Amino acid sequence: MTARLIDGKSFAEGLRIRIGTHVERLKRDHGITPGLAVVIIGHDPASQVYVTNKARQTLEVGMHSEKYELAETVPEAEVLALIEKLNADPKIHGILVQMPVPKHIDANRIIATIAPHKDVDCFTPESVGRLTIGLPGPVSCTPLGCLMLLRDTLGSLSGKHAIVIGRSNLVGKPMAQLLLRDDCTVTMAHSRTTNLPELVGMADIVVAAVGRPSMIRGEWIKPGATVIDVGINRVPAPDKGEGKTRLVGDVEFAGAVERAGAITPVPGGVGPMTIACLLANTVTTASLIHGLVPPSDLTP
Ligand code: NDP
C-alpha cells in the first residue's frame, strides 16, 4: 500500500480563504475587524520569520495586525505593561507573545498576564481548562490544525484508537483532549513509555510530536492507519551538497508511506496549518468578545 499524502499546504490555503470570508462578514454585518497583536522580544532569526509570516497572513485575510518588536534587554515590567495595554485595547482580539522569551523574563508570568479571552495561542490556564471541558474559546493552534486534517481525511473519528506521542503543553496534551472530544480512544506516549512499537501498532491514528528525526519506524505503523507527523527536525543532507540540510518529521516517512492509509509529509503537512489556525482563533475570540457565536468550521 502507498499512503495518500495529506496536503496541509493546500488545506491551509482553503482555510485562509474561509477565514477571509468570515472576516468580511464580521466587518459587513457587525462592524468588527478582528485584530491580532504579535509581540516579539529579541532577534532570534527563526522567531523573526514566524512573526513576519503571522503578520503578513493576518493582513491577507483582511484582519487588523499590530507587531511589537522589543529589545532583547527589555525589562519584564515593560512587557507586562504592553500586554495590559493590549488587553484593554478594543481593536485587539488576539495577543500572541512569540516564544521563547529571553531568560530574564518569566514566560509563565507573561502568559498569565494575557487576558484569557484574547489568548489565541491557548496558553493560559483558563484557556486550557475551557478546552479540556469543551467550552467555546481559542484552541491550541497546532492540535487544531491536526484535528482539521484528521476530520478531512477520515470523516468521523468516533471509536478510532489514537496514539499521541509526546505530552507537551503545546502539542501533545491539547491534541489528546481534542481527540477525546471526538470520541477517540486515546493513548498518550512519552519518553518513559516502554512498549512504543506495540502501542503504535494498535493505533488507527498516530500523532507524532516528539522532536526526534524519524524515531517512529515505518514497520510499527498499523496497515491503513492515518499518520500525522508534527515533528520538524533539521538533519544533514549530504546528497544535496556539503553542509546542506533538510527538514524531516518524527516518523520514518519512507517506511510509513508503505503501510499507512494516509500520512502528512514534512514539510507541507501540519506546519502550514499552525498559522492558519492562529487566524481562525482570532476570528473565534473576536466573535466571542462581541457576543457572537464563532463560525462552526473554525472551532472543534
Ligand atoms: P517538547 O520537547 O516540548 O516535547 C516532546 C515530547 O516528546 C515530550 O513529551 C517527551 O516526553 C516526548 N519524547 C521525547 N523522547 C521520546 C521518546 N523517545 N519516546 C516517546 N516520547 C518521547 O516538543 P513539542 O511538543 O513542543 O514539539 C514536538 C515536535 O513538534 C518538535 O519537532 C517541534 O519542532 C514540532 N512542532 C511543530 C509545530 C508545527 O507547526 N508543525 C508546532 C509545534 C511543534 P517527556 O514528556 O517524557 O519528556
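For ligands, and for the atoms within them, numbers begin at 1 and follow the listed sequence. Predicted model, so just to flag it, every value in this text is computed and none were measured.
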For atom 35 (C) of ligand 1, what's the nearest protein heavy atom and its distance? V230 O, 3.5 Å

The closest protein heavy-atom partner of atom 42 (C) of ligand 1 is T142 OG1, 3.3 Å

Return yes if a side-chain donor-acceptor contact under 3.5 Å exists between T124 and S127, otherwise no. yes

Tell me, which protein residue and heavy-atom name are nearest atom 40 (O) of ligand 1, and how many Å apart are they? T274 OG1, 2.7 Å

Stepwise, does the side chain to side chain donor-acceptor pair (under 3.5 Å) test hold for T187 with H161? CA-CA 8 Å; T187 299; H161 181 191; 2.8 Å; yes

I165, portion touching ligand 1 at heavy-atom distance under 4.0 Å: side chain

Here the atoms of ligand 1 under 4.0 Å from any heavy atom belonging to V270 are 41 (N)

If hydrogens are left out, which of P267, G172, S140, G166 has an atom nearest to atom 12 (C) of ligand 1, that is, the closest non-hydrogen atom? G166

Given 3.5 Å as the limit, does a donor-acceptor pair link the side chain of N195 with the main chain of E198, or not? no

Check whether any N or O atom of I232, backbone or side chain, sits under 3.5 Å from an N or O atom of ligand 1, and answer yes or no. yes

Would you mind finding which of M99, H190, R167 brings a heavy atom closest to atom 8 (C) of ligand 1? R167

Give the residue, atom name and distance (to 0.1 Å) of the protein heavy atom nearest atom 26 (O) of ligand 1. L170 CD2, 3.7 Å

Side-chain H-bond candidate by donor/acceptor type, D7 with S10, under 3.5 Å: yes

How far is atom 31 (C) of ligand 1 from its nearest protein heavy atom, and which residue and atom name does that atom have? G211 CA, 3.6 Å

Derivation and outcome, side chain to side chain donor-acceptor pair (under 3.5 Å), residues T153 and T226: CA-CA 8 Å; T153 305; T226 302; over 6 Å; no

M273 contact mode with ligand 1 (heavy-atom cut-off under 4.0 Å): neither

Heavy-atom pair with the smallest gap, counting every atom of P34 and H93: CA-ND1, 3.4 Å

Quick one: do the E66 and H64 side chains pair a donor with an acceptor below 3.5 Å? yes

of all protein heavy atoms, closest to atom 3 (O) of ligand 1 is S168 CB, 3.3 Å

Within 4.0 Å of some non-hydrogen atom of R212, the atoms of ligand 1 are 15 (N), 18 (N)

Which atom pair, heavy atoms only, marks the closest approach of E72 to H43? OE1-N, 3.6 Å

Residues L196 and A189: closest non-hydrogen pair is CD1-CB, 3.6 Å

So is A189 touching ligand 1 or not, going by heavy atoms under 4.0 Å? no

How far is atom 23 (O) of ligand 1 from its nearest protein heavy atom, and which residue and atom is that? V210 O, 4.2 Å

Could you verify whether a donor N or O on one side chain and an acceptor N or O on the other, from Q48 and Y50, lie under 3.5 Å apart? no

For atom 44 (C) of ligand 1, closest protein heavy-atom neighbour: V171 CG2, 4.0 Å

